[in-house]
Protein chains: 2
Amino acid sequence: MPEAPSPMNGIIVPDGRPAEVVAFERSVIAYFLDAADLLGVPKSLAVIYGICFASSDPLSPSEIRARVDLSAGSLSQGLRFLTGLGAIIEVSVPGERAARYAPDVELRKLLIHYLERRVEAQLDAGQVHLKSMKANLPKGLGSKSKILRSRVESLSGWHGKSRALMPLLKGALKLS
Amino acid sequence: MPEAPSPMNGIIVPDGRPAEVVAFERSVIAYFLDAADLLGVPKSLAVIYGICFASSDPLSPSEIRARVDLSAGSLSQGLRFLTGLGAIIEVSVPGERAARYAPDVELRKLLIHYLERRVEAQLDAGQVHLKSMKANLPKGLGSKSKILRSRVESLSGWHGKSRALMPLLKGALKLS
DNA sequence: GCGCGATTTCAAATGAAATTGAAAAAATCT
DNA sequence: AGATTTTTTCAATTTCATTTGAAATCGCGC
């Protein structure tokens with residue numbers, strides 16, 4: 001019996017935290033790892049965010065580092081990135097030296113950010129390419145010209161629909 | 001004057017095709033390159049699909065290769081992948097040796113495939129992680145426990161909403 | 001002000017994923 | 001059937017984003 005009993009009389013794992021707490025954290029991290037994979041975001045970001053999310057109180061960088069194997073450099077970069085994103089917020093506890101980090105649980109902000117930065121950017125660029133396609137489309141009446149025109153039209157239709165969807169999506173997110 | 005005049009009396013570029021045709025193709029490829037980047041798909045796939053999309057008639061592998069600088073290996077692999085995806089279809093012209101490829105312009109099929117393979121898979125995995133989170137959530141009444149419970153609840157809420165959205169999306173795609 | 005641990009910075013290492021190239025296989029033409 | 005060209009396969013290479021680690025910087029206690 002190397003440790004004091006946990007408040008929940010559960011098993012104590014090597015790092016001194018109750019097994020349940022660790023299991024909880026692992027699930028949270030796994031969740032965000034999967035999500036990050038879908039969105040093409042680096043793993044370290046998912047891990048850092050997950051750790052913050054799974055902790056009821058704000059964590060200092062060294063506390064975070066105690067929970068995962070991650071270089072100090074990665075952590076620092078990751079915290080900066082996530083802070084810039086608005087995914088986590090710096091909490092400065094009065095009588096304390098280092099900054100601490102807590103998740104911003106407003107997930108919609110993250111989603112809106114993603115939509116704007118990635119999806120809308122692609123839609124805008126695509127618009128330009130579509131213009132150029134239309135400008136260079138063959139003007140003839142032959143079936144070959146027609147095929148290409150109809151393809152571009154179809155693409156353009158999809159593009160328009162996607163574009164129209166964005167404000168709706170963002171609106172829905174803002175209400176939630 | 002090294003070449004015969006084009007049917008459109010336009011400029012003839014080095015590869016013997018009218019400048020407009022080449023410009024059109026370039027725009028199409030650029031469009032799909034951007035889209036591929038958004039979806040995390042390799043560039044070569046976007047290029048191959050773009051070339052097929054920009055051609056009014058089905059192209060043989062060697063014709064495709066004449067239009068971009070791409071190793072024969074990449075092209076072969078890319079064609080196989082895109083065919084498996086249903087993004088392009090093999091067209092076997094009767095009195096002709098090699099298979100030719102045409103785009104499947106039913107873009108919704110691609111979108112549905114993407115939704116099912118990537119998004120739904122993540123939603124299912126996430127469901128499992130959420131279960132585990134809930135099972136390991138602290139049961140106490142303290143504010144710390146409450147914070148975590150509310151976070152998981154919020155996450156769960158988003159998850160449920162996303163999940164509910166999928167059938168709607170797929171339904172909408174099927175009608176289009 | 002000095003020293004020490006914690007954090008940040010950034011160039012270099014790593015690793016995952018895409019691309020190539022050479023050899024094998026298939027298909028066509030003579 | 002043999003020769004030639006096209007296509008496929010797959011190991012090796014290249015590429016590129018992420019991660020690391022060492023040095024610089026910061027912040028606080030002594």
Side-chain angles (χ1 to χ4, degrees), chain A residues 29 32-52 58-85 87-102 114 117-118 121, chain B residues 29 32-52 58-85 87-102 114 117-118 121:
Chain A
I29 293 173
F32 288 116
L33 274 175
D34 281 352
D37 183 48
L38 180 66
L39 302 182
V41 163
K43 286 181 193 178
S44 63
L45 296 182
V47 173
I48 296 168
Y49 184 76
I51 288 178
C52 292
L59 297 172
S60 67
S62 38
E63 284 168 330
I64 296 174
R65 242 161 74 98
R67 285 164 166 73
V68 264
D69 188 24
L70 198 64
S71 73
S74 272
L75 179 58
S76 175
Q77 287 177 179
L79 288 172
R80 184 149 44 80
F81 184 88
L82 288 172
T83 305
L85 211 67
I88 58 179
I89 52 182
E90 282 190 18
V91 181
S92 36
V93 183
E96 226 172 58
R97 46 197 181 196
R100 292 174 163 273
Y101 296 87
Y114 178 80
R117 282 292 296 212
R118 302 229 48 191
Chain B
I29 293 173
F32 288 115
L33 274 174
D34 281 352
D37 183 48
L38 180 65
L39 302 182
V41 163
K43 287 180 192 180
S44 63
L45 296 181
V47 172
I48 296 168
Y49 184 76
I51 288 178
C52 293
L59 297 173
S60 67
S62 37
E63 284 169 330
I64 296 174
R65 238 156 78 75
R67 285 166 166 70
V68 262
D69 188 24
L70 198 63
S71 73
S74 270
L75 179 58
S76 175
Q77 288 177 180
L79 288 173
R80 184 149 43 80
F81 184 88
L82 289 172
T83 305
L85 210 68
I88 59 178
I89 52 184
E90 282 191 20
V91 181
S92 37
V93 182
E96 223 172 62
R97 46 197 183 196
R100 292 174 163 274
Y101 297 87
Y114 179 80
R117 284 291 297 212
R118 304 229 48 193

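It should be emphasised that the depicted structure is a prediction, and the values quoted were computed from it without experimental measurement. Reminder, nothing fancy here: chain letters follow the sequence lines and each chain counts from 1.
- The side chain of A/P61 sits closest to C/dT7 out of C/dT9, C/dT20, C/dT7.
- B/F81 places its CZ atom 18 Å from the P atom of D/dC10, with the value rounded to the nearest Å.
- The side chain of B/R65 places no N or O atom within less than 4.0 Å of a non-bridging phosphate oxygen (OP1 or OP2) of D/dT7.
- Atom CZ in B/R80 sits roughly 10 Å away from atom C1' in D/dC10 (whole-Å rounding).
- Atom CD1 in B/I48 sits roughly 11 Å away from atom C1' in C/dT19 (whole-Å rounding).
- Rounding to whole angstrom units, CD of residue B/E63 and P of D/dT6 are separated by 11 Å.
- In this structure, the side chain of A/T83 engages the main chain of A/L79 through a donor-acceptor pair within 3.5 Å.
- A distance-only check finds no donor-acceptor pair linking the side chain of B/R65 to the backbone of B/L75 [under 3.5 Å].
- Atom CG of B/D37 and atom C1' of C/dA17 are 15 Å apart (whole Å).
- Counting heavy atoms of neighbouring residues, nucleotides and ligands inside a 6.0 Å radius, atom CZ of A/R117 does not exceed 12 of them.
- The separation between B/L79 atom CG and D/dT8 atom P is 7 Å, rounded to whole Å.
- Between A/E90 and B/Q77, the residue whose closest nucleotide on DNA chain C is further toward the 5' end is A/E90.
- Residue A/S44 places none of its side-chain N or O atoms closer than 4.0 Å to OP1 or OP2 of D/dT18.
- Residue A/S71 has no polar side-chain atom (N or O) positioned under 4.0 Å from OP1 or OP2 of D/dG21.
- C/dT8 atom P lies 13 Å from atom CG of A/L82, rounded to whole Å.
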### Task
Mind running side-chain contact (heavy atoms from CB on, under 4.5 Å) on A/V47 and A/R67 for me, showing each step along the way?
CA-CA 10 Å; A/V47 173; A/R67 285 164 166 73; over 6 Å; no
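- Within the nucleic acid shown, B/L75 has no heavy atom closer than 4.0 Å to any nucleic acid atom.
- The CD1 atom of A/I64 sits 14 Å away from the P atom of C/dA6 (whole-angstrom rounding).
- Listed pair A/S62 / C/dG5 fails the phosphate criterion, with no side-chain N or O lying under 4.0 Å from OP1 or OP2.
- Checked by atom type and distance alone, the side chain of A/Q77 never pairs as donor or acceptor with a backbone atom of A/S74 at under 3.5 Å.
- Taking 4.0 angstrom as the limit, A/S76 places a side-chain polar atom (N or O) nearer than this to OP1 or OP2 of C/dT8.
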